[in-house]
Amino acid sequence: SVSHSQITRLYSRFTSLDKGENGTLSREDFQRIPELAINPLGDRIINAFFPEGEDQVNFRGFMRTLAHFRPIEDNEKSKDQNGPEPLNSRSNKLHFAFRLYDLDKDDKISRDELLQVLRMMVGVNISDEQLGSIADRTIQEADQDGDSAISFAEFVKVVLEKVDVEQKMSIRFLH
């Protein structure tokens, strides 16, 4: 459901990033995107483009990952309920966001992981103590089964209450 003109635009974006002109992008190519360079989660977002153990991504992989970020068009919401869920559906966006935090991929966000991501997001101008109390408060609010970590279900509940994930996950530099 990406229009031909969008594909053409993305392809020219892809080739302009492809400094080695070899039909694939490296992490370094992504790091040249100013919006990602200054995004505190830039590295995590870049990682999302690369399958486990790969250090190059081709145009198809590029498109597939980008699909998570496309804003949901109103006309897509009414689409066939039985068809496969689009990559940029709300639940896929939430899974994608969850994975940016779940660094060790154990399907829980631990206090440590939350701290690491918070530190990336706020940089150095806040003390470890302050960060710690933000992490603790976040986990307290989210944690419903008392395991001191945030599961995907708990994450969704908190995010749905607090954050408009649509806005956050539609990264504008791609359009």
Side-chain angles (χ1 to χ4, degrees), residues 1-107 109 113 116-117 120-121 123 150-175:
S1 65
V2 185
S3 71
H4 186 71
S5 68
Q6 275 174 311
I7 291 180
T8 317
R9 223 178 26 247
L10 286 173
Y11 190 69
S12 70
R13 181 86 207 211
F14 181 87
T15 47
S16 72
L17 293 170
D18 176 14
K19 297 297 180 223
E21 300 189 354
N22 53 6
T24 63
L25 300 181
S26 67
R27 288 169 200 275
E28 289 70 44
D29 291 330
F30 279 98
Q31 282 153 358
R32 290 197 192 87
I33 302 174
E35 295 90 339
L36 280 180
I38 61 169
N39 185 320
L41 291 179
D43 279 346
R44 310 273 320 137
I45 292 169
I46 292 170
N47 275 336
F49 281 89
F50 295 89
E52 203 69 54
E54 306 272 313
D55 52 5
Q56 298 288 322
V57 61
N58 63 15
F59 184 60
R60 280 188 56 178
F62 179 72
M63 290 273 297
R64 203 171 39 242
T65 302
L66 283 187
H68 286 100
F69 294 106
R70 292 204 0 265
I72 295 176
E73 320 292 334
D74 283 336
N75 59 8
E76 291 182 46
K77 290 189 172 131
S78 55
K79 264 226 203 82
D80 173 21
Q81 295 305 301
N82 309 318
E85 204 172 12
L87 280 170
N88 64 330
S89 70
R90 189 170 184 101
S91 92
N92 274 324
K93 280 194 165 111
L94 286 164
H95 269 288
F96 191 86
F98 183 77
R99 287 197 297 269
L100 291 177
Y101 287 86
D102 180 17
L103 305 173
D104 65 5
K105 301 189 169 74
D106 68 349
D107 294 325
I109 301 169
E113 289 170 326
Q116 281 186 56
V117 175
M120 292 180 220
M121 290 172 83
I150 302 173
S151 68
F152 180 66
E154 291 165 343
F155 177 78
V156 169
K157 211 170 164 315
V158 167
V159 170
L160 292 183
E161 284 166 11
K162 297 237 188 326
V163 184
D164 182 356
V165 87
E166 294 300 329
Q167 308 289 207
K168 296 278 181 299
M169 291 292 294
S170 302
I171 296 187
R172 290 287 160 224
F173 71 86
L174 302 171
H175 304 297

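All values reported here derive from a predicted model rather than from experimental measurement.
- With rounding to the nearest 0.5 Å, the separation of CG in N58 from CG in L25 is 9.0 Å.
- Between Q31 and D43, the closest side-chain pair of non-hydrogen atoms falls below 4.5 Å.
- Partners of D107 by side-chain contact (heavy atoms from CB on, under 4.5 Å), not counting sequence neighbours, listed by chain and number: D102.
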Set out, in order, the CA-CA distance, both residues' side-chain angles and the distance that settles salt bridge (charged side-chain N to carboxylate O under 4.0 Å, His left out) for K105 and E52, then state yes or no. CA-CA 12 Å; K105 301 189 169 74; E52 203 69 54; 3.6 Å; yes
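- The main-chain N or O of R99 is found under 3.5 Å from a side-chain atom of R44 such that the two form a donor-acceptor pair.
- A donor-acceptor contact shorter than 3.5 Å links the side chain of D18 to the backbone of G23.
- For the atom pair CZ (R13) and CZ (F59), the distance works out to 12.5 Å, reported to the nearest 0.5 Å.
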Evaluate the criterion side chain to side chain contact (heavy atoms under 4.5 Å, CB included) for residue pair L94 and F152; output intermediate values, then yes/no. CA-CA 9 Å; L94 286 164; F152 180 66; 3.9 Å; yes
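- Less than 6.0 angstrom separates the ring centroid of F30 from the ring centroid of F50.
- Remark: side-chain polar atoms of E54 are not paired, donor with acceptor, to backbone N or O of P51 under 3.5 angstrom.
- The distance from atom CE of M63 to atom CD1 of I7, rounded to the nearest 0.5 Å, is 4.0 Å.
- Here the straight-line distance linking atom OG1 of T15 with atom OH of Y11 works out to 6.0 Å at 0.5 Å rounding.
- Exactly one residue among L103, I150, L100 makes a side chain to side chain contact (heavy atoms under 4.5 Å, CB included) with E113. That residue is L103.
- Nearest heavy atom pair, residue F62 against residue L10, reads CE2-O, 3.9 Å.
- Annotation: side chain of L66 is in contact with side chain of F49 (closest heavy-atom distance under 4.5 Å).
- Side chains of R27 and N47 form a contact here, defined as non-hydrogen atoms less than 4.5 Å apart.
- Here the CG-CG distance, from L17 to L36, works out to 9.0 Å after rounding to the nearest 0.5 Å.
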